[in-house]
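See structure below.
All ligand and atom numbering here is 1-based and tracks the order in the structure.
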Amino acid sequence: MSTGEQARLEARIDLAAVRSNVRRMREVAGSAQVMAVVKADAYGHGMVQCARAAVEAGATWLGTALPEEALALRAAGLTVPILTWLHVPGDPFADLIAAGVDVSVSGLWALREVTEAVRALGGRPARIQLKADTGLGRNGAPPHDWPLLVEEAVKAQEDGLVTVTGLWSHFACADEPRHPSVAAQLSAFHVALDIAERAGLRPEVRHIANSPATLLVLDSHFDLVRSGLATYGVSPAPDEGSAADFGLHPAMTLVGRLALVKQVEAGSGISYGHTYHTARRTRLGLVPAGYADGIPRAASNRAPVWIDGVRHTIAGRVAMDQFVVDLGDQEAGVGDEVVLFGPGERGEPTAQDWAELVGTIAYEIVTRIGPRVARVYLHAGGNP
Ligand SMILES: *Cc1c(COP(=O)(O)O)cnc(C)c1O
């Protein structure tokens, strides 16, 4: 905010926590490099600022889902290798190639569009990474398509159109490390690597581990690990350990301010649908945060907030722009801070608490926080 005042609703992003989390993931990854995954505005934390902090702390790669995310990182001056992996026909492959972004290829159509773009540009070969579906059942070439994709990529490499910089895959159940699919995917990945290596590919990086695999499946690290949620300090496998157990520090604190405080009588219906009624004469606090900001409507009558050390549950429905808390005996006033979630280190609720109460995962709680919410960056610029 230009006034220096606290915004209606702000996400305070502790970049020192991001740096510390990246250092922690480097420690766990051992000799493997760390890619900070910064897709979806760095899971709601602010893409460029978090990418810079991650690189300062030793992340040597950045990962995005969409081409425009990768191009925005280059436009912001980030020069480290970037991989982008979710493509549709007609994507700006020429721009990606010109920007030196590694493009993931899961099918022949993408290889064709990339090689056509290189021919049209007439310049250097495109950096591509071949993605195998080793059992996630989502993106990536399935085993019966893999040998042909490899063969066509080898030909394109021999023709000087592409350089295959990576071979990679993604886990389905790394947050449940004893799930049988984890070992099955690792062996399928070894098979896919063997096929590619026998065809002559010698990529810079082979990688399959996301945050939970990095922390829990130690033989999955290969040359590079892809750290998404862990970069932001939230546990990617809450059944296996908390953020603190994994040595991570949540980077986002979501803070609003009371917009109105008023007294009402016992039995007053609160917010749309009157799903909450006051049990006695009480004071209500109005919090200017709603589902347009990414606060889940499913948090109605469920999720906690924290005002000056006191926890309250949201009273009634979360509306588009606002919700209400029943302050009871608390002496809170207009303008007071309302912490929705934070690191939890002062007793405030966490994104993980919200996820459990709302019936989702903490990934969704932080990533949904929308563009109407001001981001305020703390500890920028390499200070500890
Ligand atoms: C989002 C994503 C990641 C990061 O996953 P986390 O569990 O957040 O670490 C890694 N790889 C791919 C392909 C992804 O889509």
Side-chain angles (χ1 to χ4, degrees), residues 18 21-22 24-26 28-29 32-45 47 50-51 54 59 61-67 69-70 73 81-88 101-107 110 128-141 166-177 179 181-182 185 189 192 205-218 220-241 243 246-248 250-252 351-352 355 360-368:
V18 171
N21 297 327
V22 169
R24 172 72 188 137
M25 295 305 272
R26 284 177 61 201
V28 177
Q33 301 181 68
V34 173
M35 170 190 288
V37 178
V38 296
K39 64 187 177 183
D41 202 25
Y43 294 40
H45 293 68
M47 184 174 71
C50 289
W61 283 78
L62 296 169
T64 68
L66 307 184
E69 295 170 333
L73 290 170
I82 300 174
L83 173 64
T84 183
W85 52 72
L86 188 59
H87 299 291
V88 293
V101 172
D102 288 42
V103 172
S104 179
V105 167
S106 290
I128 66 167
Q129 300 205 11
L130 303 182
K131 184 170 192 186
D133 181 359
T134 54
L136 172 59
R138 203 178 67 179
N139 208 349
L167 299 168
W168 73 296
S169 190
H170 192 36
F171 281 116
C173 307
D175 57 335
E176 302 168 59
H179 192 286
S181 68
V182 173
Q185 283 198 256
F189 190 48
V205 286
R206 300 157 301 164
H207 52 107
I208 186 169
N210 51 4
S211 300
T214 305
L215 293 164
L216 297 166
V217 186
L218 300 184
S220 71
H221 294 172
F222 293 88
D223 306 311
L224 175 71
V225 300
R226 303 189 304 275
S227 175
L229 193 66
T231 306
Y232 312 106
V234 178
S235 173
D239 293 341
E240 298 291 323
F246 290 126
L248 302 171
M252 184 189 292
Q352 181 59 32
T360 183
I361 54 175
Y363 288 80
E364 188 179 2
I365 297 295
V366 292
T367 304
R368 288 171 65 108

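Atoms of ligand 1 found under 4.0 Å from any heavy atom of Tyr43, numbered from 1 in the order shown, are 1 (C), 4 (C), 5 (O), 6 (P), 8 (O). Counting the atoms of ligand 1 from 1 in the order shown, those under 4.0 Å from a heavy atom of Ser211 are 6 (P), 7 (O), 9 (O). Heavy-atom contacts of Leu229 reach the following atoms of ligand 1: 6 (P), 8 (O), 9 (O) (cutoff under 4.0 Å). For ligand 1, the atoms sitting less than 4.0 Å from at least one non-hydrogen atom of Arg138 are 15 (O), numbered in the order shown with element in parentheses. Residue Tyr363 has at least one heavy-atom neighbour below 4.0 Å for each of these atoms of ligand 1: 6 (P), 7 (O), 8 (O). With ligand atoms numbered from 1 in the order given, ligand 1 contributes 13 (C) to contacts under 4.0 Å with heavy atoms of Trp168.
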* Asked: What's the verdict on side-chain contact (heavy atoms from CB on, under 4.5 Å) for Leu83 and Ser104, showing C-alpha distance, side-chain angles and the deciding distance?
  -> CA-CA 7 Å; Leu83 173 64; Ser104 179; 4.2 Å; yes
* So Val234 and Leu248, side-chain contact (heavy atoms from CB on, under 4.5 Å) or not? Walk me through it. -> CA-CA 7 Å; Val234 178; Leu248 302 171; over 6 Å; no
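For Lys131 against Asn139, the heavy-atom pair with the smallest separation is NZ-CB, 4.1 Å.
Ligand 1 has no atom lying under 4.0 Å from any heavy atom of Met25. At least one heavy atom of Pro212 lies less than 4.0 angstrom from ligand 1. For the pair Phe171 and ligand 1, no heavy-atom separation below 4.0 Å is found.
Counting heavy atoms from C-beta outward, Leu130 and Ile128 have side chains that approach closer than 4.5 Å. Put simply, the side chain of Gln33 reaches to within 4.5 Å of the side chain of Val205, judged on heavy atoms. In this structure the side chain of His45 never reaches within 4.5 angstrom of the side chain of Val18, judged on heavy atoms. Side-chain contact between Phe171 and His179 is absent, with no heavy-atom pair separated by less than 4.5 Å. By the 4.5 Å heavy-atom criterion applied to side chains, Tyr232 and Asn21 are not counted as neighbours.
Here the protein heavy atom with the shortest distance to atom 11 (N) of ligand 1 is Arg226 NE, 2.9 Å. In terms of protein heavy atoms, atom 2 (C) of ligand 1 is closest to Lys39 NZ, 2.6 Å.
Below 3.5 Å of separation, one finds an N or O of Gly228 facing an N or O of ligand 1.
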